[in-house]
Amino acid sequence: MFEVAAPDFSLQASLSSGQTFRWHAHDGWFYGFIGPSVVKVRQEDGRLLYESSDPALTPDQLRRYFALDLDLPGILSSINVDIQVHGAIRRHRGLRVLRQDGWETLASFICASFNNIKRIEGMISRLCAAFGEPVALNGFRGFSFPQPEAVAGASERRLRSLGLGYRAPYLKATARLVADGTLPVAHLRHVDYDAAKRSLLGCDGVGDKVADCVALFGFEKYEAFPIDVWMERAMRYYFRHRRMTRARLHAYARRHFGPYAGYAQQYLYHDLRTARERSS
DNA sequence: CGCCAGGTGCTGA
DNA sequence: TCAGCACATGGC
């Protein structure tokens with residue numbers, strides 16, 4: 001058992017806010033993957049307790065994944081520019097944007113388009129069972145996320161049999177671009193938002209919204225502001241009567257919230273979704 | 001059953 | 001640049 005200090009952090013909010021699809025609550029722990037390593041993790045007060053089957057997993061890697069090195073209070077004060085986001089921050093303080101694997105994030109959000117989170121989780125789970133490697137930690141058994149080569153080599157029919165629907169050919173084509181190096185995922189972390197988004201938009205099944213999710217959750221582009229149906233609803237607060245295209249909402253939000261607009265988006269998104277649960 | 005879901009690609013103005 | 005349409009599937 002190990003632990004790291006985790007001030008200004010909510011593990012629950014971070015893992016349940018629709019940015020990741022592969023953590024499982026079990027026996028009071030969350031089980032998941034950080035890179036190739038299986039991890040179980042639990043929050044107690046201002047610290048994170050964790051255990052991994054991989055002795056090579058360092059505290060720094062854990063801190064990095066959960067973005068504990070970032071100054072969250074500073075980020076939140078920079079986006080705390082109106083009453084709506086203020087309420088979301090108050091209700092979910094501690095939510096952090098995770099630093100997930102780029103390829104996994106890209107593949108996951110191709111599956112996420114025009115879909116619901118429950119089904120996305122099922123699709124990704126079946127994808128891992130079909131093409132990933134089996135792993136275990138204590139009583140937990142799971143599968144690693146497949147390599148791009150494995151997905152690129154699968155038949156469209158096989159991918160459809162996992163329930164991917166019309167996304168199957170998109171995912172296969174994008175896996176091919178990653179596998180053959182046409183889309184240099186390792187490189188995208190080091191280029192700016194515009195360049196990263198342009199590259200991502202070259203993939204089948206990747207439009208503005210998916211590209212922004214992947215840039216934000218997989219490549220640390222914090223100015224990315226993904227707009228889905230929930231964010232369109234959230235943005236009604238800013239434009240009560242005028243009909244706005246997603247492109248205009250996107251431009252406004254980036255200007256309004258600044259370099260950490262992606263954090264504002266994640267707080268608003270999570271707040272709206274949990275508001276529905278609270279009221280039903 | 002009908003509606004909805006972290007939209008995209010294509011077509012035609 | 002924008003609107004309108006088809007698209008697979010399962011949760012609710």
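The model shown is predicted, which means the values in this text are computed figures rather than measured ones. Hydrogens, waters and symmetry mates play no part in the numbers below; they use all other heavy atoms, side chains included. Every chain is numbered from 1 and lettered A, B, ... according to where its sequence line falls, protein lines coming before strand lines.
Rounded to whole Å, atom C1' of C/dT9 lies 16 Å from atom CG of A/L127. One atom, CD1 of A/I124, and another, P of C/dG10, lie 15 Å apart when rounded to the nearest Å. Going from atom CD of A/E232 over to atom P of B/dA5 covers 10 Å, rounded to whole Å. Between A/L159 atom CG and C/dC7 atom C1' there is a gap of 17 Å when expressed in whole angstrom units. Between the C1' atom of C/dG11 and the CD1 atom of A/I120 lies a distance of 12 Å, rounded to the nearest Å. Regarding A/M244, its CE atom lies at a distance of 11 Å from the P atom of C/dA3, rounded to whole Å. Atom P of nucleotide C/dG11 and atom CE of A/M123 are separated by 12 Å, given to the nearest angstrom.
Within 4.0 Å of A/R167, counting heavy atoms only, lies at least one base atom of the nucleic acid. Base engagement by A/S17 is indicated by at least one non-hydrogen atom pair under 4.0 Å involving a base atom. Residue A/L164 is out of contact with every strand shown, counting any heavy-atom pair closer than 4.0 Å. Contacts of A/Q266 with the nucleic acid, taken as non-hydrogen atoms under 4.0 Å apart, include base atoms.
Membership of the apolar cluster around A/L48 extends to A/F2, A/V4, A/F9, A/L11, A/L15, A/W23, A/F30, A/I34, A/V39, A/V41, A/Y50, A/L57, A/L62, A/Y65, A/F66, A/L68, A/L98, as traced through chained side-chain contacts below 4.5 Å between ILVMFWY residues.
Using modelled atom types, no side-chain atom of A/R158 and backbone atom of A/S155 make a donor-acceptor pair closer than 3.5 Å. Judged by distance alone, the side chain of A/R126 and the main-chain N or O of A/L159 form no donor-acceptor pair under 3.5 Å.
A/R236 has no carboxylate O lying under 4.0 Å from a charged side-chain N of A/E232, or vice versa, which leaves the two without a salt bridge. Using a 4.0 Å cut-off between charged side-chain N and carboxylate O, A/D60 and A/R63 make a salt bridge. A/D69 and A/R64 are not joined by a salt bridge, as no carboxylate oxygen comes within less than 4.0 angstrom of a charged side-chain nitrogen.
Distance noted for atom P between C/dA8 and B/dT11: 15 Å (whole Å).
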Protein-nucleotides 7-13 of chain B N/O pairs under 3.5 Å:
residue: B/dG7; atom: OP2; partner: A/F114; partner atom: N; Å: 3.2
residue: B/dG7; atom: OP2; partner: A/N115; partner atom: N; Å: 3.2
residue: B/dG7; atom: OP2; partner: A/N115; partner atom: O; Å: 3.4
residue: B/dG7; atom: O5'; partner: A/F114; partner atom: N; Å: 2.9
residue: B/dG7; atom: O4'; partner: A/F114; partner atom: N; Å: 3.2
residue: B/dG7; atom: N2; partner: A/Y166; partner atom: OH; Å: 3.1
residue: B/dT8; atom: OP1; partner: A/G207; partner atom: N; Å: 2.8
residue: B/dT8; atom: OP1; partner: A/G207; partner atom: O; Å: 3.2
residue: B/dT8; atom: OP1; partner: A/K209; partner atom: N; Å: 3.4
residue: B/dT8; atom: OP1; partner: A/V210; partner atom: N; Å: 2.9
residue: B/dG9; atom: OP1; partner: A/G205; partner atom: N; Å: 2.8

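Two rings, from A/H256 and A/Y238, have their centers less than 6.0 Å apart.
Between A/R233 and B/dA5 there is a side-chain polar atom (N or O) within less than 4.0 angstrom of OP1 or OP2.
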